Amino acid sequence: MLKNLTRRTLMKAVAASGLAGALGGRTSMAADEPLGISLVIPSPVGDVGWGHALAAGLEPVKAAYGDKVKVTVIENIPEGPDADRIMNKTVADGNKFLIAGSFGYQNGALQIARRNPAVTVLHASGFQVAPNFSPFAAKYFQGTYLLGMAAAALSKTGKLGSVSAFAIPELITSINAFTLGAQSVKPDIEVSVVWVNSWFDPAKEQEAAKALMAQKCDVIFSNAQDTPSVISACEEAGVYAFNLNSSMKKYAAKTYLGCVATDWSPFFKASVDAHIAGTFKGGNAFLGVAEKVVEVADWNPDIPADAMTKIKEIEAKIASGSFTPFTGPITKADGSDAAPSGATLTDGEVVAMNWHVKGVTTPLPK
């Protein structure tokens, strides 16, 4: 069972009937009621992007449990007070499983978990943990390193770009690995970044892509946009581009470089299983190729065969755990050492990353 709600319809119901309205007016669920699962996201579900990938991750849960679960997707919810009210609303209505699908939902979602120990909360991209609260994030950097290698093999200018949503560690690590992968092929390559400070702003994203192209960036990384705006603009200009989360190949038949795709279904299914069994324990879920959450797909046939052979060799090493993009020597953009030769950054250091590697020419916003 699936129900999609938008901010407008939900807030109308909240205003009309307080905490007893939009999702059914229940404050508790009978034992034979289906498990209520709510997914709250900051953008439309759409046919591509982050929201689409999260919603798709619940399909195997619905297939496995059928009418024993009721999934509600609440889209277009901006980070802030609206999100807090709406997440509280879903729990007050008896939903016992909440997926808070944006970094900025963290504080409100954590408070819900603390007040409602019988509710399981999964939170995207955060770092706080509680007994019934798990942050989850993808090791996008494993895929962006590989696409950096491909980008360098195709680049003629030695200048790459990234249109990026927000300067949070998850996206910073993606840019850094992209840069390191490119530099493993061409050591002098540079990467410029435009931060749009939005998950969903098609016009701003297109402007950012065009600004990077004006700087002679000939491969562009669409870093956590929920629209194909960057991909489409690059196709029109004949510039290679790639993105995160779900394939946008249909928007760029010729210049689509590839996709760092995410499949959240293994994690969502295991979490729902544990909730139902009464065994869920909060923990920091940092998931990648080994967990079958991250996969690079839709490789462009323009990538030279010798480069593709090397890429596949590194991909296999990442999958086996014998290689990670963040093994030294790594130098920060300010010239200081991030990791000496042979040392590997820990997961804790990666998820807290607030610096760029040497070669990223755009300073981080303050």
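Every value quoted in this text rests on a predicted model; they were computed, and no experiment measured them.
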Trp199 and Glu79: CA distance, side-chain angles, deciding distance, side chain to side chain donor-acceptor pair (under 3.5 Å) verdict: CA-CA 11 Å; Trp199 302 115; Glu79 298 170 341; 3.3 Å; yes

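- Note on Leu98: it clusters hydrophobically with Tyr105, by side-chain heavy-atom contacts below 4.5 Å among ILVMFWY residues.
- Phe166 and Leu212 fall into different hydrophobic clusters, where Ile, Leu, Val, Met, Phe, Trp and Tyr residues are linked whenever their side-chain heavy atoms come under 4.5 Å apart, directly or through other members.
- Side-chain contact annotation: Asp273 with Tyr65, donor-acceptor N/O pair under 3.5 Å present.
- Using cut-offs of 30° and 60° on the angle between ring planes, the pair Phe326 and Phe141 is tilted.
- Side chains of Glu235 and Ser232: a donor-acceptor N/O pair is absent below 3.5 angstrom, by distance only.
- Hydrophobic clustering keeps Ile220 apart from Leu171 (ILVMFWY residues linked when any side-chain heavy atoms are closer than 4.5 Å, directly or through intermediates).
- Between the side chains of Glu190 and Thr361, not a single donor N or O lies within less than 3.5 Å of an accepting N or O.
- Looking only at atom types and distance, the side chain of Ser43 has no donor-acceptor partner in the side chain of Glu75 under 3.5 Å away.
- A donor-acceptor pair shorter than 3.5 Å cannot be found between the side chains of Tyr140 and Asn223.
- Between the side chains of Asp218 and Ser155, a donor-acceptor pair is found at a separation under 3.5 Å.
- If you check the side chains of Asn132 and Arg114, you find no donor sitting under 3.5 Å from an acceptor.
- Side-chain atoms of Thr327 and Thr344 form a donor-acceptor pair, as typed in the model, at a separation below 3.5 Å.
- Considering only heavy atoms from C-beta on, Phe97 comes within 4.5 Å of Leu122 through its side chain.
- Around the CD atom of Glu236, the shell of radius 6.0 Å holds no more than 12 heavy atoms that belong to other residues, nucleotides or ligands.
- Under 3.5 Å, the side chains of Ser192 and Thr362 contain no donor-acceptor pair of N or O atoms.
- Rounded to the nearest 0.5 angstrom, Thr90 OG1 and Lys96 NZ are separated by 10.5 Å.
- Within 6.0 Å of atom NZ in Lys186, more than 12 heavy atoms from other residues, nucleotides or ligands are found, so the atom counts as buried in its surroundings.
- Taking 4.5 Å as the limit, some side-chain heavy atom of Tyr256 sits within range of a side-chain heavy atom of Met248.
- Between Lys204 and Glu207 there is no salt bridge, since none of the side-chain N atoms of the basic residue sits less than 4.0 Å from a carboxylate O of the acidic one.
- Note on Ile189: it does not cluster hydrophobically with Val194, by side-chain heavy-atom contacts below 4.5 Å among ILVMFWY residues.
- Checking Gln206 against Ser229 by side-chain atom types alone, no donor-acceptor pair falls below 3.5 Å.
- Taking 4.0 Å as the cut-off between side-chain N and carboxylate O, Asp47 and Lys250 count as a salt-bridged pair.
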Glu205/Thr227 under side chain to side chain donor-acceptor pair (under 3.5 Å): CA gap, chis, key distance, verdict: CA-CA 9 Å; Glu205 292 159 13; Thr227 81; 2.4 Å; yes

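- Val40 and Phe200 end up in different hydrophobic clusters when Ile, Leu, Val, Met, Phe, Trp and Tyr side chains are linked at under 4.5 Å.
- Side-chain contact between Thr144 and Leu244 is present, with at least one heavy-atom pair separated by less than 4.5 Å.
- Using a 4.0 Å cut-off between charged nitrogen and carboxylate oxygen, Lys310 and Asp306 do not count as a salt-bridge pair.
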Would you sort out whether Leu58 and Ile37 count as a side chain to side chain contact (heavy atoms under 4.5 Å, CB included), showing the intermediate values? CA-CA 9 Å; Leu58 285 168; Ile37 302 173; 4.3 Å; yes

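- Side-chain atoms of His52 and Asn245 form no donor-acceptor pair, as typed in the model, at a separation below 3.5 Å.
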